[in-house]
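Each remark here refers to the structure printed beneath this line.
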4 protein chains.
Amino acid sequence: MNDRSPVPDLMPDLVPDLIGDSGRGNEAAILRAALRLYAERGFNGASMRDIARAAGTSLSNLYNYFPSKARLLAELLNRANALLSAQVSSAVHTAGEGVAEQLGAAVRAYVSFVADYQTAMLIALSEVRHLEGEERTQVVAERDRNQEIFEDLVAAGAASGVFTTPYPQDAARSILAMCSTIATWYHPEGRLTKQDLCDQHARYALALLEGRVDGR
Amino acid sequence: MNDRSPVPDLMPDLVPDLIGDSGRGNEAAILRAALRLYAERGFNGASMRDIARAAGTSLSNLYNYFPSKARLLAELLNRANALLSAQVSSAVHTAGEGVAEQLGAAVRAYVSFVADYQTAMLIALSEVRHLEGEERTQVVAERDRNQEIFEDLVAAGAASGVFTTPYPQDAARSILAMCSTIATWYHPEGRLTKQDLCDQHARYALALLEGRVDGR
Amino acid sequence: MNDRSPVPDLMPDLVPDLIGDSGRGNEAAILRAALRLYAERGFNGASMRDIARAAGTSLSNLYNYFPSKARLLAELLNRANALLSAQVSSAVHTAGEGVAEQLGAAVRAYVSFVADYQTAMLIALSEVRHLEGEERTQVVAERDRNQEIFEDLVAAGAASGVFTTPYPQDAARSILAMCSTIATWYHPEGRLTKQDLCDQHARYALALLEGRVDGR
Amino acid sequence: MNDRSPVPDLMPDLVPDLIGDSGRGNEAAILRAALRLYAERGFNGASMRDIARAAGTSLSNLYNYFPSKARLLAELLNRANALLSAQVSSAVHTAGEGVAEQLGAAVRAYVSFVADYQTAMLIALSEVRHLEGEERTQVVAERDRNQEIFEDLVAAGAASGVFTTPYPQDAARSILAMCSTIATWYHPEGRLTKQDLCDQHARYALALLEGRVDGR
DNA sequence: CATGAATGAGGATTCATTCAT
DNA sequence: CATGAATGAATCCTCATTCAT
């Protein structure tokens, strides 16, 4: 197993923005402000006034872009989940044929996303509960879709004997838990680089699954 | 390694209450109501009015017991953290001499706590940010004290060659992450018993650390 | 006219306390705490809790001594007004026969009271408005009784030609105003001694009345 | 000296409003309501709810105009102090060259202001204590600026021998006290007209200063 | 006398949202 | 698109007061 296998190694500045500058007028500024404030203070701790101020626009103008506070949150979570799923699937498809290799790639992509979009992941972890109805359904569905990628990989690996853990059914959840939690403590300027995170967690994941690393 | 080693296997009803009924008058009812509501809706989503109503007392009477909303949260977190640390250290001290055995016991105790005091763990995971100053310091300190138990065990195991992971320095955090996250999805009536959770996560943890289980 | 005529020149420590230590148990402590807090923050700015705390007793115990917050204020004002009237009358009666002399004595006694019981005077000036009904009536009556002493003296002096001001009818009010206001700025440790205050204001008063100072 | 010298003798209805109707929307109504209620019940006795009701708007709308209760008070006091200083200085500059004449004019202007803006003066007298920090500093500074006008006049008169009181240093304060206090009892419909008040107090002030009225 | 618990009303302030411009 | 004014409900917390002990 190659611990230093390449990660999507964009320069930090080149990480594509979750939000972009498409949208009309202030849309991007609003989304970015909301993202930051929701992450800093939680959904209920960040008021529409706060967001408007941080976005440099007026309170009432927010409602020209998003019909409600919850819709604003949903929008953020949808974008984040969509990008996450896309990056993970892409990584899996790009990886070689071996399940272990694919799972490693998936973990690396996931960790990479957490590091790149830390605030988005913070929100995704704890603010979904503030959504209801259709908005919630949609967000949860996308989140589950991503989890299924991991579950399928683990199941395939278990079936083919590559992963020998006696508990394959729940392992994916544990792997995602430890990868997601990175968002709560990671500091880009700290001891660990993004590359380190990817290497570590790829290894943790395969070890947890009791993968048969050697050539059998 | 015996995966079905006994867990503190109290009947759910016999799990000692985090709060007890000591305290004066309505104190226990208030703490219990706050615990539940903070977990359900988050700190900012649960109002003092809500808590009072759920506790069956008047809003103003809350302030005869806790001088502020934040203090009420701090009280809960302190009790939870103290109990968690106590149960984990106790498990470690009771376990045999092997580091692997001790770590397994620690994980089981931790998972057991998460299952027993699910709501408390939910709060501990995400509501600390609403504390400031002394209250925050105290809670964070107790939380770190618990994490150190795991870090010390991992370090010891790595030093003695029992854990062969190339990344021992950050493994404890990952283990705790996957155990803590149980609180976000566990249903006592679901497919997995508390015993199952303990078995699984003890195994996951040792595997993640690449523990040399047998004498080989 | 002797500007340095003696004032009731008690040592500051010997100024008889407005409250004394008679009363049962905590009564004096409560009155003293209320006096200070009402003066510092105003009637509405000082809560019964504050007063209890400052008096070193429990909130509910306050109501064993005074049936309401307003009654507590009334009690203070009554004591202050009674003492003030007593000291002023006494000074007048002790003074010689001349109206000018008597008015001078009255002013000195009044100023002396303001200096000695500064906080009480602060309250008397601005907190009467918070009383209603019987309580208010009583306090206002006592206050007016005191004012009448001055009005009578001025009227007598005007009738006898000692005070030549063309506006004797309203002069007493002006004199009392300037003397009372001392309470808002006087600092016992400042430039002016109590003796200075008495001398000054006695002179101001006679001058304002256009008293014929010379031997006629 | 002409005791019946003309006062700015506008009909009461023509007295320029302290507040005006400039400001946006409800600003004037809010300020006027606050002015009245603060004067009637004191700062702490008048709630924002009361003020909103009296201003004919909603409670929350108050905060679109003034960010806090204290700021609302400060606004009132600043306007009142500014106008007072302006009217007094203007009167002094318009008066003749003699110090006595100028002081008379100042007193008349001051008394006139007290009569015209009675409620504002009531607040200025006793509610400054509820301000803190910058707000307080600003208000106190303006108040002191006005007091200095009087102190300078008295000092000048004392220096030139026009005022022969032995206590010129503190006389201004006494004069202002007796003039300000008018606000606490004056009734426009009562025995005394505004003109009367001006005449009386101008005479009181000069007498208090022991002014040498004639050429002797 | 003395206390702690209890309460309903009300304190200042902020909330998400709407609407006329 | 963009704004400022407006609002009713809700925020945390404190109020004066009562009551059982």
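Because the structure is predicted, anything quoted here is derived from the model rather than measured. Residue numbers start from 1 in every chain, and the chains themselves are labelled A, B, ... in the order their sequence lines are given, proteins ahead of strands.
- Here the C1' atom of nucleotide dA12(E) and the CG atom of D50(D) are 12 Å apart, to the nearest Å.
- A 4.5 Å side-chain heavy-atom check between R49(B) and L59(B) finds at least one atom pair inside the cut-off.
- Across all strands, A46(D) comes closer than 4.0 Å only to sugar-phosphate atoms, never to a base (heavy-atom distances).
- Put simply, N61(C) has a side-chain N or O that comes within less than 4.0 Å of OP1 or OP2 on dT3(E).
- Contact annotation: S60(B) side-chain N/O to dT7(E) OP1/OP2 distance is not under 4.0 Å.
- Proximity of T57(B) to the phosphate of dA5(E): no side-chain N or O atom is located under 4.0 Å from OP1 or OP2.
- Look at N26(D) and you won't find any side-chain N or O under 4.0 angstrom from OP1 or OP2 of dA5(F).
- For D50(C) (side chain) and S47(C) (main-chain N/O), a donor-acceptor pair under 3.5 Å exists by modelled atom type.
- With DNA chain E read from its 5' end, the first of the two nearest nucleotides for G56(C) and L59(D) is the one closest to G56(C).
- With a cut-off of 3.5 Å on both pairing distances, the Watson-Crick or G-U wobble partner of dT21(E) is dA2(F).
- Among the nucleotides dA2(E), dC1(F), dC12(F), the one closest to any side-chain atom of Y65(A) is dC1(F).
- Heavy-atom distances to DNA chain F give each of M48(C) and K69(B) a nearest nucleotide, and the one nearer the 5′ end belongs to K69(B).
- Taking atom OH of Y63(B) as the reference point, atom P of dT17(F) lies 22 Å away to the nearest angstrom.
- Scored by the side-chain contact (heavy atoms from CB on, under 4.5 Å) test, E75(D) finds L31(D), F66(D), R71(D), R79(D) as partners (sequence neighbours excluded).
- As rounded to whole Å, 14 Å separates atom C1' of dT17(F) from atom CG of L72(C).
- With a 3.5 Å ceiling on both atom-pair distances, the Watson-Crick or G-U wobble partner of dA16(E) is dT7(F).
- Taking 4.5 Å as the limit, some side-chain heavy atom of M121(B) sits within range of a side-chain heavy atom of L84(B).
- Between S47(A) and dC15(E) there is a side-chain polar atom (N or O) within less than 4.0 angstrom of OP1 or OP2.
- Rounded to an integer number of Å, the gap from CZ of F66(D) to P of dA5(F) is 11 Å.
- Between F43(D) and Y38(D), the two ring planes are tilted [angle within 30° to 60°].
- Rounded to an integer number of Å, the gap from L62(A) CG to dG4(F) C1' is 15 Å.
- Here dC12(F) presents its P atom at 12 Å from NE2 of H130(B), a figure rounded to the nearest Å.
- Of the two residues near DNA chain F, P67(B) and S58(D), the one whose nearest nucleotide lies more 5' is S58(D).
- If you take CD1 of I51(C) and C1' of dT17(F), they are 14 Å apart, rounded to a whole angstrom.
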Test log, rule side chain to side chain contact (heavy atoms under 4.5 Å, CB included), inputs L131(A) and L77(A):
CA-CA 10 Å; L131(A) 296 183; L77(A) 292 181; 4.0 Å; yes

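- In this structure, CZ of R41(D) is placed 19 Å from P of dC15(F), rounded to the nearest angstrom.
- Looking at N64(B), its side chain comes within 3.5 Å of the base of dA6(E) through a donor and an acceptor atom.
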